[in-house]
Undergrad: 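Below you will find the structure I want to go over with you.
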Protein chains: 2
Amino acid sequence: MHGGRDDEGEPVIQSIDRAAKILTLLQGSRRMGISELAAALDLPPSTVHGIVKSLQAHGLVAQQPSGNRYVLGPALLKLSSVYLDTLDVRARAMRWMHELSSRTGLATRLGAELFGEVIVIHHDRRPDGTEQMPETGLTIPSHASALGKVLLAYDSAHAADALSRPLAALTADTVTDPEQVRAGLEQVRREALGFENEEAVIGESSVAAPVCSEDGDVVAAVAVVMPSTDWPPSDALIGALRDAARSISRDLGAPTWPPRPPAPARA
Amino acid sequence: MHGGRDDEGEPVIQSIDRAAKILTLLQGSRRMGISELAAALDLPPSTVHGIVKSLQAHGLVAQQPSGNRYVLGPALLKLSSVYLDTLDVRARAMRWMHELSSRTGLATRLGAELFGEVIVIHHDRRPDGTEQMPETGLTIPSHASALGKVLLAYDSAHAADALSRPLAALTADTVTDPEQVRAGLEQVRREALGFENEEAVIGESSVAAPVCSEDGDVVAAVAVVMPSTDWPPSDALIGALRDAARSISRDLGAPTWPPRPPAPARA
DNA sequence: GAAAGCCATTCGATAATACCGAATCGATTG
DNA sequence: CAATCGATTCGGTATTATCGAATGGCTTTC
């Protein structure tokens, strides 16, 4: 009952807070007018206008040629590009993920936690020449993905956050009961593997393994994405995935792999 | 002399302006402390601290585990992902770029203008299976790239902006004289093609063509990137590039291609 | 074709707000 | 163990963003 994130009373600068909320709103519904934003935030239009114009001056939002609708701006792209460059995990992972994709013939993803969801930090395509959407930057609900289950299993704060709100059903197979999800995490910890079979996208399944940093924490997860027709994953595939996860972790200076579960478990 | 961008006296909200400047600083030098930022902005550390914390609350910046240094945050990645999704140009271009990459065996880029530079909006890799850095989000100086030359040629505001400041020499072959760059644009307009031979990266050359929108404006440019050993590009390659540029423009509803130059040119 | 409604935008007064300087806490170094 | 450097907290003050009302541009409607 007393849990939450925004009633903490943290000292946040009002206008920046509002600006960030506007960006988040534009993230949800792509193109919005001033008064639309104003209504959503319960603020006078003139206030919103000032904020939006300030964001626009820095390219963080842009108004489309049509005139009176605003969208996210190009400066965000450059910022995110630099953000990706600062991530050691990603830099180290890229090489092994490419190898993993080559060996398995499947797409691979690297994910980390962002506000209770999973954000894809790197994506290596299937090596066949087909056209594939870039997935870097996508966010996926934690409870419905292999990546998410792994991250949940080793980060209790993340788990508490993600499982405290109602879980969306993305397909018929999505597990929407928090307790059931939580129960599954036990096994994830035991095997250091997370599975997901058509729980997020129909026809698509995945397996994920944890990636550890220098001080043994799980900072990310790698996944292999496969067509559901290939389910369950072969031992060879799982072996390759574990190899990749171990290699990345080793490159990062992790002392052990698989990681020791955080919660006390009697021998 | 009287030209400029930031002395316009536009009504910008102070704290948002400062927040954006902090993001830009973090974009330049990856990891900075509070006092470092404060020095750069000539502000008291406590002020900067407040702003940074507010940004942090929304995931726009993050402090690294080490403790007292800040970096750009993961929320930017999600925002940029949505930004990319809102771009029709990109959505339409992806398919044709993939075909272009397949036909030529080379990497292709789609670029647009951002504050006088070129930002890469989409990148299709070389179809060989080699590991390649994702280039989406990179920015390239306009004067040293084929993409940039095309964009400059059709957007006089962009040209005025980009060529008013000193031009960086990225390689020995970079053209750093604004007038010389400007002179080259004439030919770009005539051929609807921009060329660049080792002017940005040694061993790499590229050719670009304009992409037009519904109302005939040049909104982006497509480029093929090739090893300099293949220079000059074959007619077949240029043909394929033109085909792609025309197809994308057509999909966008452009009335004509190649675009009519903006400057009055007597028949 | 004219009028009305909608929405973005501008302006100026007000008080709420973010800013700043000084003090505190924590970490790192000699 | 002492001292320095930096991040962080706190509270008073004045700058600053906010808001309401008025304007202007655009599309819609009758």
Undergrad: For a quick test of reading the model: is some side-chain N or O of A/S35 closer than 4.0 Å to OP1 or OP2 of C/dC7?
TA: no
Undergrad: Could you give the angle between the helix axes at the two ends of the helix from C/dG1-D/dC30 to C/dG30-D/dC1, with five pairs per end, rounded to 10 degrees?
TA: 40°
Undergrad: Write down the distance between CG (B/N68) and P (C/dT29), rounded to a whole number of angstrom.
TA: 11 Å
Undergrad: May I ask you to evaluate whether A/Q56 reaches the phosphate of C/dA8, defined as a side-chain N or O under 4.0 Å from OP1 or OP2?
TA: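 Looking at the OP1 and OP2 atoms of C/dA8, neither is under 4.0 Å from any side-chain N or O of A/Q56.
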Undergrad: So do B/M97 and B/H122 actually touch side chain to side chain, heavy atoms under 4.5 Å?
TA: yes
Undergrad: What's the CZ-C1' distance between B/R69 and C/dG26, to the nearest Å?
TA: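 For the pair B/R69 CZ and C/dG26 C1', the rounded distance is 16 Å.
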Undergrad: In whole angstroms, how far is the P atom of D/dG20 from the CG atom of A/D42?
TA: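 Answer to the nearest Å: 11 Å.
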Undergrad: Report the distance from atom CG of B/L151 to atom OG of B/S142, rounding to the nearest 0.5 Å.
TA: 7.0 Å
Undergrad: A/K53 has an atom NZ; how far is it from atom P of D/dT18, in whole Å?
TA: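 Those two atoms, NZ and P, are 16 Å apart.
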Undergrad: Considering non-hydrogen atoms only, spot the tightest contact between B/S15 and A/I16 and give its length.
TA: O-CD1, 3.8 Å
Undergrad: For A/Q63 and B/I51, take the nucleotide of DNA chain C holding the closest heavy atom to each; which residue's nucleotide lies nearer the 5' end?
TA: A/Q63
Undergrad: Within the 4.5 Å heavy-atom criterion, are A/I121 and A/T136 side-chain neighbours or not?
TA: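 Contact flag for A/I121/A/T136 side chains = no.
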Undergrad: So if I take residues 14-26 of chain A and measure heavy-atom distances to DNA chain C, which residues fall below 4.0 Å?
TA: A/Q14, A/S15
Undergrad: Rounded off to whole Å, could you give me the NE2-to-P distance for the B/H49 and C/dA18 pair?
TA: 16 Å
Undergrad: Take atom CD in B/Q64; do more than 12 heavy atoms of anything else shown fall under 6.0 Å from it?
TA: yes
Undergrad: Look up atom CZ in A/R90 and atom CG in A/L84, then write down how far apart they are to the nearest 0.5 Å.
TA: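 Rounded to the nearest 0.5 Å, the CZ-CG separation comes to 4.5 Å.
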Undergrad: Are side-chain heavy atoms of A/Y70 and A/Q56 found at a separation under 4.5 Å?
TA: yes
Undergrad: Once you apply a heavy-atom cut-off of 4.0 Å, does B/S46 come out as touching a base, just sugar-phosphate, or nothing?
TA: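 Here B/S46 touches the bases of the nucleic acid.
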Undergrad: Mind calculating the distance between CG (A/L41) and P (D/dT18) to the nearest angstrom?
TA: 11 Å
Undergrad: On the nucleotide D/dG6, are OP1 or OP2 found under 4.0 Å from the side-chain N or O atoms that B/Y70 carries?
TA: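 False: B/Y70 side-chain N/O out of range (4.0 Å or more) of D/dG6 OP1/OP2.
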Undergrad: Would you say A/S80's side chain and A/Y83's backbone share a donor-acceptor pair under 3.5 angstrom?
TA: no
Undergrad: Grab the CD1-C1' distance between A/I34 and D/dG20 for me, whole Å please.
TA: 17 Å
Undergrad: Of the options A/L163, A/L152, A/V218, which is the one that meets A/H158 in a side chain to side chain contact (heavy atoms under 4.5 Å, CB included)?
TA: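 Of all the options given, the one that passes is A/L152.
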Undergrad: Let me know the distance between CD1 of A/I13 and P of C/dT17, rounded to the nearest Å.
TA: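 Between P of C/dT17 and CD1 of A/I13: 13 Å.
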